2 protein chains.
Amino acid sequence: MSEHKAERIPAAERREQILEAAARVFGERGYAAATTDQVAQAAGISQPYVVRMFGSKEKLFGEVVERAGLRLQEVFRAAIADANERGLGIREKRDHLGRAYIDLVDGGGVLLPLMQSFLLGHDPVLGPKVRSVFVEIYQGLRDEAGLGAEGARDFLAYGMLINTLLTSDLPALYDEDPAARELLDMACGSKVRVVLDAAKARA
Amino acid sequence: MSEHKAERIPAAERREQILEAAARVFGERGYAAATTDQVAQAAGISQPYVVRMFGSKEKLFGEVVERAGLRLQEVFRAAIADANERGLGIREKRDHLGRAYIDLVDGGGVLLPLMQSFLLGHDPVLGPKVRSVFVEIYQGLRDEAGLGAEGARDFLAYGMLINTLLTSDLPALYDEDPAARELLDMACGSKVRVVLDAAKARA
DNA sequence: GTCTATAAGTGGATAGAC
DNA sequence: GTCTATCCACTTATAGAC
């Protein structure tokens, strides 16, 4: 299974690979259930190397969350700029942001680890970071995106619904359960395909 | 710390105590991070007894989720009946359901374990149960509550937002962070107090 | 009905070689 | 820069006494 003797590459580059692998593994299994060995295998290196590179599993997850938060903001900013260029109204802009959001399910490296992190409020170390990321996202939507307080809240609500549909793997029922299909169709709009494909890719 | 020699009570009653303790422990730490020993201590008995009573940690969690799903439906039905008696319109009925929903944070035995379960879609054993509970809740809102497909979707979205606010423990920032406060106020409406008190009780 | 003792397994982290 | 070997703590589950 495991590839012995991974090729020798710069630490910075290896770091990126591990972060990417970790984002997927943590996103799928959650912080507690994921093991550093699963991350290592996904990255094609040994378990101790993962720990050595980041100091601890906890620190690795912290970085994953940090990155995911930044990436999300980045994508939002790009979508906002695009919407502004096209002179979209507030309504269209919001939908535009929504589609950009759903596109992020692809790869599973942003939305899923973020959602997993939102369940760690109780953690003494990760909790504070999680809350700060959450609040920053809210402020970004409210101020930078110009959705306003209620608009940001609404956007967040639909985002959380989508996240939950993903983490419960409801797409697995799409073909068998009409209610699941209906809910997915309504929650994802024209982007259902993206979600279904992402789920299929993971399975 | 641990109370040795718990008093001898009927199995059925003990079962309830364990389920209640488990709902809180699982709700706070999540399935993977929670230990059967933490459940045992919360219930005031020994760890092996917890396992013996339910066969395994996995089965215990399954029952917790099952119960939480049923309890939620029960509360919805009561709220629907009440709304119908009072002849409330669709808008008011939905808000009435929303308030009944938030009241469930009290005790932490329903919303939190349910939310935690929604992150386990990937689990081969618990995943299917989680999806079935999710879909049943959706159908209950759509048909029994009469919210219709889109109404149920919207209700679910705000529910998931509230769940996420709770699991990330955003209430901890209520007094220090204006943005967190604003978001909580908007998401919970007149029921913020309930949420803040529940968070304080847990801490 | 409930406990103590403990087996068996898992996983994060450290040491040190190459 | 990366691995192998390994330690140690923790956790679930079982056995059997009371």
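Side-chain atoms are counted along with the backbone in the values below, which use heavy atoms only and exclude waters and symmetry mates. Source: prediction; values computed, not measured. The chains referred to below are lettered A, B, ... by the order of the sequence lines, with proteins before strands, and numbering in each begins at 1.
If you measure from atom CD of B/Glu58 to atom P of D/dT12, you get 12 Å, rounded to the nearest angstrom. The CZ-C1' distance, from B/Arg8 to D/dA17, rounds to 13 Å in whole Å. One interatomic measurement links the two molecules: OH of B/Tyr49 to C1' of D/dT11, which rounds to 21 Å at whole-angstrom precision. To the nearest angstrom, P of C/dG11 lies 13 Å from CZ of A/Phe26. Atom pair A/Gln38:CD and C/dT10:C1' shows a separation of 11 Å (rounding to whole Å applied). Rounded to whole Å, atom P of D/dC8 lies 16 Å from atom CD of A/Gln47.
Closest contact between the side chain of A/Ile9 and the listed nucleotides C/dT2, D/dT2, C/dA13 involves D/dT2. The listed nucleotides are D/dA13, C/dG12, C/dG1; the one nearest the side chain of B/Lys57 is D/dA13. Among the nucleotides C/dA13, D/dT11, C/dG12, the one closest to the side chain of A/Ser56 is C/dA13. Of the candidates D/dG1, C/dG1, C/dG11, C/dG1 carries the atom nearest the B/Ala11 side chain, counting heavy atoms from C-beta on.
Among the heavy atoms of the strands, none lies under 4.0 Å from A/Ala40. B/Pro48 comes within contact range of at least one nucleobase, with a heavy-atom separation under 4.0 Å. Residue B/Glu7 is in sugar-phosphate contact alone, with no base atom involved, counting any heavy-atom pair closer than 4.0 Å across all strands shown. Within the nucleic acid shown, B/Thr36 comes within 4.0 Å of sugar-phosphate atoms alone, with no base atom in reach, counting heavy atoms only. As judged by a 4.0 angstrom heavy-atom cut-off over every strand, B/Ala43 is placed among residues making no nucleic acid contact.
Proximity of B/Asp154 to A/Tyr158: side-chain heavy atoms (C-beta onward) are separated by under 4.5 Å at one or more points.
In this model, the phosphate group of C/dT2 is approached by a side-chain N or O of B/Arg14 to a distance below 4.0 Å at OP1 or OP2. Phosphate proximity of C/dG11 to A/Thr35: absent, as no side-chain N or O sits under 4.0 Å from OP1 or OP2.
Judged purely by atom type and a 3.5 angstrom limit, B/Gln73 uses its side chain to pair as donor or acceptor with the backbone of B/Glu136. For A/Arg153 (side chain) and B/Ala187 (main-chain N/O), no donor-acceptor pair under 3.5 Å exists by modelled atom type. Between the side chain of B/Lys57 and the backbone N or O of B/Tyr31 there is at least one donor-acceptor pair closer than 3.5 Å. Side chain of A/Thr36 to backbone of A/Gln47: no donor-acceptor contact under 3.5 angstrom is found.
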